[in-house]
Amino acid sequence: MTAAMISWGKGRRAAAAIGAVSLGLVTLSACEKPSDLATVTVGSTTVTAEATPGCNGDGKLLSKKQVETCISKNGGKTITVQPGERVRVGVTPEVAKSGWIVIGGGPVMREASTQTYRSFDADTLFMQQNPQTGQTTYSKSVTLQVAELGKGQGPKTMWHFNLKQKD
């Protein structure tokens, strides 16, 4: 009688172990690779976003048409900035490895960064230069674009944030 109870207990434990392993495999197969994120911090306020819809090439360069569409997109999450404040932009290590740039009212970086974090003067981000006259003006709001660059020409992923100047 005791032998029957011992073998029955071993069977239950084996079945439980097989069930746990099966459940673990099902759970792992349902997982997706997490999206890369971009973060903008001003003072003590931080906003984080996944890639702008339609602007994620999943590791490949965006098509010319996608890039044109993504560049013209406005907004995203909004953050308020006071004149003279520092705007800090961060990306995941995977994005930093590829290289990335920031575009405000115009280009604000001379070349791509491979760091995970960069800091910018808010006034530079709101500055817009007229290409015909060369005159500089300042906007009250601007769409801040963060773009992960690929090995070829052009971006692989883009994030959009809306910066508003505080009155």
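Just the heavy atoms: all of them, side chains too, but no hydrogens, waters or symmetry mates, feed the values below. The first residue of the sequence shown is numbered 1, and numbering continues consecutively from there. Values in this document were obtained by computation on a predicted structure and should not be read as measured data.
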Going by heavy atoms in the side chains, are [X] and [Y] under 4.5 Å from each other?
| X | Y | answer |
| --- | --- | --- |
| Thr39 | Thr46 | yes |
| Cys70 | Thr52 | no |
| Gln145 | Trp159 | no |
| Ser141 | Leu163 | no |
| Leu144 | Val102 | yes |
| Thr45 | Thr80 | no |
| Met109 | Phe120 | yes |

Grouping I, L, V, M, F, W and Y whenever their side-chain heavy atoms are under 4.5 Å apart, do [X] and [Y] come out in a common cluster?
| X | Y | value |
| --- | --- | --- |
| Val89 | Val142 | yes |
| Leu37 | Val40 | no |
| Ile71 | Ile101 | no |
| Val91 | Ile103 | yes |

Checklist entry - Given a cutoff of under 4.5 Å between side-chain heavy atoms of I, L, V, M, F, W and Y, with clusters grown through shared members, what are the other residues clustered with Tyr117? => result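 Besides Tyr117, the hydrophobic cluster comprises nothing; the residue is isolated.
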
Checklist entry - Can you tell me if Ser98 and Glu148 form a side-chain donor-acceptor pair at under 3.5 Å? => result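 A pair is found: one side chain offers a donor N or O, the other an acceptor, under 3.5 Å apart.
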
Item to check | Residues Thr143 and His160: side-chain donor-acceptor under 3.5 angstrom | outcome: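 Per modelled atom types, Thr143 and His160 side chains form no pair under 3.5 Å.
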
Checklist entry - Do Phe126 and Gln165 pass the side-chain contact (heavy atoms from CB on, under 4.5 Å) test, and can you show the C-alpha distance, the side-chain angles, and the key distance before you say yes or no? => result CA-CA 8 Å; Phe126 287 95; Gln165 261 192 353; 3.7 Å; yes

Determine whether a donor-acceptor pair (N or O, by modelled atom type, separation under 3.5 Å) exists between the side chain of [X] and the backbone of [Y].
| X | Y | answer |
| --- | --- | --- |
| Trp100 | Met158 | no |
| Gln129 | Gly134 | yes |
| Gln66 | Cys55 | no |

Next on the checklist: For Thr78 and Lys164: C-alpha separation, side-chain torsions, deciding distance, then whether side-chain contact (heavy atoms from CB on, under 4.5 Å) applies.
Outcome noted: CA-CA 7 Å; Thr78 300; Lys164 286 178 66 175; 3.7 Å; yes

Check [X] against [Y] and note the closest heavy-atom contact, atom names and distance.
| X | Y | value |
| --- | --- | --- |
| Pro93 | Thr116 | CA-CG2, 3.9 Å |
| Gly150 | Leu61 | CA-CD2, 3.7 Å |
| Ala122 | Val81 | CB-CG1, 3.3 Å |

Next on the checklist: I need the full list of salt bridge (Lys or Arg N to Asp or Glu O under 4.0 Å) pairs touching residues 72-90, with sequence neighbours left out, sorted by first then second residue.
Outcome noted: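 Residue pairs passing salt bridge (Lys or Arg N to Asp or Glu O under 4.0 Å), neighbours aside: none found.
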
Next on the checklist: If the test is side chain to side chain donor-acceptor pair (under 3.5 Å), which one of Thr157, Thr92, Asn56 qualifies with Asp36?
Outcome noted: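 With Asp36 as partner, side chain to side chain donor-acceptor pair (under 3.5 Å) holds for just one option, Thr92.
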
Checklist entry - Roughly how far, to the nearest 0.5 Å, is the CG atom of Asp121 from the OG atom of Ser119? => result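 Rounded to the nearest 0.5 Å, the OG-CG separation comes to 8.5 Å.
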
Next on the checklist: Consider side chain to side chain contact (heavy atoms under 4.5 Å, CB included). Of Thr41, Val108, Val42, which one does Val87 pass it with?
Outcome noted: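 Going through the options one by one, the only one that passes is Val42.
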
